[in-house]
Asks: 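One structure, as structure tokens, below. Some questions next.
Treat the numbers as computed from the prediction; the structure is a model and nothing was measured. Atom set for the values below is all heavy atoms of this structure, side chains included, hydrogens, waters and symmetry mates excluded. Just so you know, ligand 1 is whichever comes first in the structure, and atom 1 is the first atom listed for that ligand.
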Amino acid sequence: MSEKPIRRIAISTGGGDCPGLNAVIRAVAYTAINSFGWEVLGIKDSFAGLIYPDQIMPLTLETVRDILPRGGTIIGTTNRGNPFKWEREKDGKKEIVDYSDRVMENFAHLGLDALIVVGGDGTMKIAQGFFEKGMPVVGVPKTIDNDLNATDVTFGFDSAVRTASEVLDKLRTTAESHHRVMVVEMMGRHCGWIALHSGIAGDAHVILIPEIPFSIDRVSEHLLDRQRRGANYSIVVVAEGAAPIGGDISAIDRSPDGTVRLGGMAQKLAPIIQERTGLETRVMIVGHVQRGGSPTEFDRILGTRYGEAAVHLIARREFGKMVALKGTAIVGVSITEAIGETKKVYPDGTLVKVARSMGICFGDAKT
Ligand code: F6P
């Protein structure tokens with residue numbers, strides 16, 4: 001029996017937004033329409049749009065026109081909606097329901113032949129769940145955190161690092177003028193990629209990342225040593241997921257499924273640093289600005305390459321795969337490989353070594 005031809009595909013964006021999502025959406029629409037003559041639908045707000053299917057947006061050459069440099073996602077996203085464990089309110093009470101069959105039914109009802117899921121590890125786990133239920137799914141790796149396995153880089157990371165580095169450049173002048181220590185918190189969940197890259201690019205003096213537990217004494221000693229050598233200010237970059245040796249991460253809240261919302265380590269550290277060094281210390285949480293704004297050229301090109309490649313994966317019916325960057329090539333890898341484990345900074349890796357050679361302190365014994 002011959003396979004049903006592909007005529008209509010859809011794309012959804014899930015998890016936290018980031019610069020470059022619109023580049024992917026545009027590339028998918030252009031490639032699917034121009035190269036294959038397929039129809040393309042945008043599913044709004046990640047999988048929510050397949051639970052409530054009035055949330056559908058046709059993606060034509062006109063609707064995706066001019067969106068390449070725009071931040072965010074024109075089809076919306078959420079990092080709170082897992083159809084397998086959907087939280088709803090009934091009779092004034094919260095309950096968890098499994099809406100995955102409803103999503104499968106709506107997918108069929110919309111006459112879709114494939115779905116491109118753009119997201120990080122959480123979204124890819126959901127995508128894999130639907131693939132296992134029989135949905136023809138392909139993935140595109142996205143996250144500012146760069147923590148997704150099986151790809152060298154996720155799009156969004158480069159733009160976040162650009163923003164974070166610019167923040168450090170701006171903080172430097174005020175820190176220098178006031179002879180202060182600035183403790184700057186970067187996003188990244190349980191990985192230190194943004195902190196490490198922006199810290200090196202932004203010439204930080206201390207970088208604290210989750211992969212290298214730190215000692216506040218060592219950090220304080222490093223700051224005092226800088227002062228003794230005539231440096232009258234310092235920049236301390238701390239990843240939101242970093243923790244002191246033998247201590248805890250700083251969590252804002254924890255959801256019922258165990259997901260932790262991180263934040264607040266800079267605020268905890270700053271008064272201790274001030275007390276131990278006697279240096280005036282201020283805090284800056286860079287926050288969601290790292291997810292905002294126009295994508296860098298790198299992310300525009302990577303997002304465009306990913307979007308184009310995802311459509312070709314569908315044309316070759318390589319479902320259950322995710323596009324990935326390996327070296328300079330875009331390849332297809334299995335989604336299971338991507339969600340197997342988190343891609344962490346290697347504490348003995350080249351970049352950490354380079355940073356140490358630049359005199360950057362990580363607050364550990366090697367400092
Ligand atoms: O995964 C992207 C990210 O920005 C993380 O770096 C951060 O911990 C989290 O999302 C913040 O999530 P929210 O937008 O729910 O505050």
Asks: Taking any residue with a non-hydrogen atom under 4.0 angstrom from an atom of ligand 1, which ones do you get?
Replies: Asn79, Arg80, Ile144, Asp145, Met187, Gly188, Arg189, Glu240, His288, Arg291
Asks: If hydrophobic clusters are built by linking Ile, Leu, Val, Met, Phe, Trp and Tyr wherever their side-chain heavy atoms come under 4.5 Å apart, do Phe84 and Ile51 end up in the same one?
Replies: yes
Asks: Only distances under 3.5 Å count here; give the side-chain donor-acceptor pairs of residues 324-331 to other protein atoms, sequence neighbours excluded, each with its distance to 0.1 Å.
Replies:
from	atom 1	to	atom 2	distance (Å)
Lys326	NZ	Ala150	O	3.3

Asks: Could you tell me if the ring centre of Phe130 sits under 6.0 Å from that of Phe47?
Replies: yes
Asks: Hey, what else clusters with Leu68 if you join Ile, Leu, Val, Met, Phe, Trp, Tyr whenever side-chain heavy atoms sit under 4.5 Å?
Replies: none
Asks: Which ILVMFWY residues are connected to Val283, directly or by a chain of links, through side-chain heavy atoms under 4.5 Å apart?
Replies: Ile285
Asks: For the ring pair His312 and Phe36, is the centre-to-centre distance below 6.0 Å?
Replies: yes
